[in-house]
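Below is one structure, written out as structure tokens; comments come after it.
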Amino acid sequence: MSDRTILVVDDEQPIREMIASALEMAGYVALEAADAKTAHSLIVDQKPDLILLDWMLPNTSGIELARRLKKDELTSEIPIIMLTAKGEEDHKVQGLEAGADDYITKPFSPRELVARLKAVLRRTTPAGVEQPVEIQGLRLDPVSHRVTSNGRHVAMGPTEFRLLQFFMTHLERAYSRSQLLDQVWGGNVYVDERTVDVHIRRLRKALGEEHSRMIQTVRGTGYRFSEHVENLNAE
């Protein structure tokens, strides 16, 4: 794990240095950027394993940079944790909608940050099933970390990948949002149940018309992954 590279994007030098120091003590390689332009160059050059991205940046905001990275196939799978001084619910959801995998509100302790970062990295490289899974033309390969829909590459973030992997290996069973948080995010995380809905929407969008209907909303319960799309409105 010690060769994992984390990019810290924050325009406040003392915060960057504090985070970089905490990361290096935890065995990570820390890169630093004070603005979105510098960050983008480093991301393209270095391809970090994770980005800690401040919401408020000069010129281009962190949220705009997150959207840009998620739209580009070369950078769409790099996990992002948003750093924000804004604790309001709509900002958290906005960050997740832009493609962030988690958010952490300032002020935070370095220890909490490292714990959250480890949780996101665990989701990025899920343990467990190593064999490819294929259901009705939808194929997920855990080793190459690729998803294809009838041979077409499907780009998605690490959390959506992990969610899809869980669904495809647990067919036809309804799971509540809290069960999905435990199974996909891990029990030791600080995210609320609305996060699940945001990632489900993103996963459906990524899968497109052909396979999104396999993810079914079960009223009063949560979600189910089913091969039987004709029963979509049965609940």
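The figures that follow rest on heavy atoms only: side chains count, while hydrogens, waters and symmetry mates do not.
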Checklist entry - Would a hydrophobic clustering, with Ile, Leu, Val, Met, Phe, Trp and Tyr connected at side-chain separations under 4.5 Å, put Leu138 with Leu171? => result yes
Checklist entry - Is it true that Ile51 and Leu74 fall in one hydrophobic cluster, defined by side-chain heavy atoms closer than 4.5 Å? => result no
Might you point out which heavy atoms bring [X] and [Y] nearest each other, and give the distance in Å?
{"X": "Ala34", "Y": "Arg16", "answer": "CB-NH1, 3.4 Å"}
{"X": "Pro79", "Y": "Val120", "answer": "CB-CG1, 3.6 Å"}
{"X": "Val154", "Y": "Ala206", "answer": "CG1-O, 3.2 Å"}
{"X": "Leu57", "Y": "Ala36", "answer": "CD1-N, 4.2 Å"}
{"X": "Arg68", "Y": "His40", "answer": "NH2-CE1, 3.4 Å"}
{"X": "Arg204", "Y": "Ile215", "answer": "NH2-O, 2.8 Å"}

Short question: side chain of [X], backbone of [Y] - any donor-acceptor pair under 3.5 Å?
{"X": "Ser61", "Y": "Glu64", "value": "yes"}
{"X": "Gln136", "Y": "Glu227", "value": "yes"}
{"X": "Ser212", "Y": "Gly208", "value": "yes"}
{"X": "Gln179", "Y": "Ser176", "value": "yes"}
{"X": "Arg146", "Y": "Asp141", "value": "no"}
{"X": "Asp11", "Y": "Asp35", "value": "no"}
{"X": "Glu160", "Y": "Gly157", "value": "yes"}
{"X": "Arg224", "Y": "Thr217", "value": "no"}
{"X": "Thr169", "Y": "Gln165", "value": "yes"}

With the side chain counted from C-beta on, respond yes when [X] and [Y] share a heavy-atom pair under 4.5 Å apart, and no when they do not.
{"X": "Val9", "Y": "Leu83", "value": "no"}
{"X": "Lys37", "Y": "Asn59", "value": "no"}
{"X": "Leu50", "Y": "Ile78", "value": "no"}
{"X": "Leu117", "Y": "Tyr28", "value": "yes"}
{"X": "Ile6", "Y": "Leu31", "value": "no"}
{"X": "Leu96", "Y": "His199", "value": "yes"}
{"X": "Arg177", "Y": "Arg194", "value": "no"}
{"X": "Ile104", "Y": "Glu112", "value": "yes"}

Approximate separation, where rounding is to 0.5 Å, of [X] [atom1] and [Y] [atom2]:
{"X": "Arg4", "Y": "Asp49", "atom1": "CZ", "atom2": "CG", "answer": "5.0 Å"}
{"X": "Met214", "Y": "Glu172", "atom1": "CE", "atom2": "CD", "answer": "8.5 Å"}
{"X": "Leu113", "Y": "Leu52", "atom1": "CG", "atom2": "CG", "answer": "5.5 Å"}
{"X": "Met56", "Y": "Ile63", "atom1": "CE", "atom2": "CD1", "answer": "11.5 Å"}
{"X": "Glu193", "Y": "Ser178", "atom1": "CD", "atom2": "OG", "answer": "5.0 Å"}
{"X": "Met18", "Y": "Ser109", "atom1": "CE", "atom2": "OG", "answer": "8.5 Å"}

Checklist entry - Near Glu209 CD, under 6.0 Å, is it more than 12 heavy atoms from other residues, nucleotides or ligands? => result no
Checklist entry - Between Thr195 and Trp185, is a side chain to side chain contact (heavy atoms under 4.5 Å, CB included) present by the stated rule, with each step listed? => result CA-CA 10 Å; Thr195 303; Trp185 278 256; 4.1 Å; yes
Item to check | Identified salt bridge (Lys or Arg N to Asp or Glu O under 4.0 Å) partner of Glu97 from the options Lys70, Arg202, Arg67, Arg201 | outcome: Arg201
Electrostatic pair [X]:[Y] at N-O distance under 4.0 angstrom:
{"X": "Arg116", "Y": "Asp101", "result": "no"}
{"X": "Glu210", "Y": "Arg152", "result": "no"}
{"X": "Asp54", "Y": "Lys106", "result": "yes"}

Next on the checklist: Run Tyr223 and Val218 through side chain to side chain contact (heavy atoms under 4.5 Å, CB included) and show every step you take.
Outcome noted: CA-CA 5 Å; Tyr223 297 98; Val218 183; 5.9 Å; no
Item to check | Leu203/Phe161 under side chain to side chain contact (heavy atoms under 4.5 Å, CB included): CA gap, chis, key distance, verdict | outcome: CA-CA 8 Å; Leu203 179 55; Phe161 183 91; over 6 Å; no
Checklist outcome for this item: Residue set satisfying ring pair (Phe, Tyr, Trp, His ring centres under 6.0 Å) with Phe166, at least two apart, ordered chain then number -> His170, Tyr175
Checklist entry - How far apart are the C-alpha atoms of Leu23 and Met25, what are their side-chain angles, what is the distance that settles it, and do they pass the side chain to side chain contact (heavy atoms under 4.5 Å, CB included) test? => result CA-CA 5 Å; Leu23 291 173; Met25 281 176 71; over 6 Å; no
